[in-house]
Participant: 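Quick one: the structure is below, questions incoming.
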Amino acid sequence: MNDVLYSVDEAVATITLDRPEAMNSLTVRAKTDLLEALTGAANAYAVRAVLLTGSGRAFCAGQDLNEHAANLEAGRGLNDTVRAHYNPIIRTIREMGKPVVAAVNGVAAGAGASLAFACDLRIASDKAKFTMAFTGIGLAPDSGASWTLQRLVGPARATELLLLNEPIGAARALELGIVSKVVPAEELAAEARALAVRLAQGPTSAYAATKQAVAYAAGSTLEDALELEADLQDACAKTGDHLNATRAFLGKERPVFQGR
Ligand code: T3D
């Protein structure tokens, strides 16, 4: 991988977008690397949580507009990058049975904002900024922003943010519920890592079931959601983590989760 750093420690896979000179904007190579890293983390038994962040002063400025312009000028349009690259990246984040934390260290624009929205939790530096960017260059939302943002802030606010494309600072993002915590820039790496490690030490199967239940319920009837919850709960009840945690509770001990 050239444009993404990948490391695993304490069962946390840290994925860092690493094109700081271009604000971690996404070329085909960067998107291919990111998908490879996410797929590797999703499939690795030893990984129980994922931390996604950016090098330098940006989280991710979205599509690399130099590459994009070259495609337009050559008559290739978007060169199918939405279906070929962005969609699989977002699906991999949403569907992996492990929590994904975004440490938003700076600006998150366009598909870069969408990437953050797709994660399960977002913690931001006080220097972070979200800008939808799409309409700024005459495009509509992609990489799941039309789906994720309205689930974070509601349809009216999501429409406003996407149409008006006004930058939102970290404090406003916290008010709106786009991020769950804002910390001083110099504390972000440690805070986000502590959160990811905490999740990596948790009941991984129960977290996977929680992600699945919430995603399904967002588009289902109550009846269907109840049915899936019952199935998922049956599966969780069969895990060693559930048995051990129940015993630990009754023994007034702290549970130790093995992730299965
Ligand atoms: O194929 C497809 O396009 C379909 C998919 C689309 C998905 C999308 O993501 S569409 C949205 C694409 N992104 C944008 O429109 C964001 C463009 N960038 C900005 O609006 C601003 O640069 C930022 C708000 C991100 C940051 O502003 P600021 O003032 O902090 O920095 P800056 O001076 O504007 O940028 C610093 C450098 O990064 C600059 O390069 P230079 O002059 O130092 O050589 C700038 O050109 C470069 N940069 C920033 N964003 C991009 C970029 N280079 C390439 N692509 C970018 N997206």
Side-chain angles (χ1 to χ4, degrees), residues 1-20 22-56 58-64 67 80-106 108-124 141-149 151-152 179 189 192-193 195-200 202 204-205 207-212 214-215 259:
M1 282 183 274
N2 295 291
D3 292 335
V4 163
L5 307 176
Y6 183 84
S7 63
V8 179
D9 188 28
E10 295 182 281
V12 175
T14 302
I15 298 174
T16 307
L17 300 167
D18 192 35
R19 298 184 70 232
M23 303 198 90
N24 303 319
S25 58
L26 297 163
T27 56
V28 167
R29 191 171 82 170
K31 287 175 271 192
T32 305
D33 285 357
L34 176 58
L35 182 58
E36 185 185 330
L38 287 165
T39 306
N43 294 337
Y45 187 68
V47 170
R48 293 170 60 190
V50 176
L51 183 58
L52 179 62
T53 193
S55 290
F59 176 73
C60 174
Q63 170 65 37
D64 181 292
E67 193 176 86
D80 201 32
T81 193
V82 175
R83 286 193 184 81
H85 304 109
Y86 287 112
N87 291 356
I89 287 169
I90 299 305
R91 279 196 202 100
T92 305
I93 294 173
R94 300 294 304 181
E95 290 169 11
M96 78 166 78
K98 305 167 185 187
V100 184
V101 176
V104 185
N105 53 303
S114 306
L115 259 187
F117 300 159
C119 294
D120 299 302
L121 296 170
R122 283 153 296 284
I123 176 167
D142 66 21
S143 308
S146 62
W147 195 93
T148 51
L149 185 57
R151 283 167 168 79
L152 292 172
V179 300
R193 173 146 190 92
L195 178 61
V197 169
R198 172 180 154 189
L199 290 164
T204 312
S205 300
Y207 289 156
T210 302
K211 281 183 72 161
Q212 197 183 333
V214 172

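Just so you know, residue 1 is the first one in the sequence shown, and it goes up from there.
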Participant: Can any side-chain N or O of Arg122 pair as donor or acceptor with the backbone N or O of Ala102 at less than 3.5 Å?
Facilitator: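 Side chain of Arg122 to backbone of Ala102: no pair is present.
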Participant: Evaluate the side-chain proximity of Val4 to Glu36: yes if any heavy-atom separation is below 4.5 Å, no if none is.
Facilitator: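 No. Closest side-chain heavy atoms not under 4.5 Å.
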Participant: Between Asp18 (side chain) and Ser55 (backbone), is there a donor-acceptor pair under 3.5 Å?
Facilitator: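 Not at all, since once roles are kept as given, no pair shorter than 3.5 Å links the two residues.
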Participant: What's the spacing between Leu115 CG and Leu17 CG if we round to 0.5 Å?
Facilitator: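 Separation between the atoms: 6.5 Å.
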Participant: So how far is it from Asn87 CG to Leu35 CG, rounded to the nearest 0.5 Å?
Facilitator: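 Answer for the CG-CG pair, Asn87 versus Leu35, is 11.0 Å.
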Participant: For a 4.5 angstrom cut-off between non-hydrogen side-chain atoms, does Ile15 reach Leu34?
Facilitator: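 They are in contact (side-chain heavy atoms under 4.5 Å apart), so the answer is yes.
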Participant: Is there a donor-acceptor pair closer than 3.5 Å between any side-chain N or O of Thr27 and the backbone N or O of Asp64?
Facilitator: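 No, Thr27 side chain to Asp64 backbone: no donor-acceptor pair under 3.5 Å.
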Participant: Could you check if a side-chain atom of Arg48 sits within less than 4.5 angstrom of a side-chain atom of Tyr207, using non-hydrogen atoms only?
Facilitator: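 They are not in side-chain contact.
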Participant: Restricting to non-hydrogen atoms, name the atom on Ala30 and the atom on Asp3 that form the minimum distance, rounded to 0.1 Å.
Facilitator: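 Looking at all heavy atoms of both residues, the closest pair is N-OD2, 3.6 Å.
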Participant: Taking C-beta and beyond as the side chain, do Thr81 and Glu67 meet within less than 4.5 Å on heavy atoms?
Facilitator: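 They are not in side-chain contact.
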Participant: Could you state the interatomic distance from CZ (Arg193) to CG (Leu51), rounded to the nearest 0.5 Å?
Facilitator: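 That separation rounds to 7.5 Å.
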Participant: Could you walk me through whether Leu199 and Leu121 pass side-chain contact (heavy atoms from CB on, under 4.5 Å), step by step?
Facilitator: CA-CA 11 Å; Leu199 290 164; Leu121 296 170; 3.9 Å; yes
Participant: Side chains of Leu26 and Ile89: closer than 4.5 Å at any heavy-atom pair?
Facilitator: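 Contact flag for Leu26/Ile89 side chains = no.
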Participant: Do Pro99 and Lys211 have side chains that get closer than 4.5 Å, going by heavy atoms?
Facilitator: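 No, side chains not in contact.
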Participant: Of all heavy-atom pairs between Gly259 and Ser205, which one has the smallest distance, and what is that distance?
Facilitator: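 The answer is O-OG, 3.6 Å.
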Participant: Once you round to the nearest 0.5 Å, how far does NZ of Lys98 lie from CG of Asn43?
Facilitator: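 Lys98 atom NZ to Asn43 atom CG measures 7.0 Å (nearest 0.5 Å).
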Participant: Please find the pair of heavy atoms, one from Arg94 and one from Phe117, that lie closest to each other, and give the distance.
Facilitator: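 Nearest heavy atoms, Arg94 then Phe117: NH1-O, 4.1 Å.
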Participant: With a 4.5 Å cut-off on side-chain heavy atoms, are Ser114 and Thr148 touching?
Facilitator: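 A side-chain contact under 4.5 Å is absent here.
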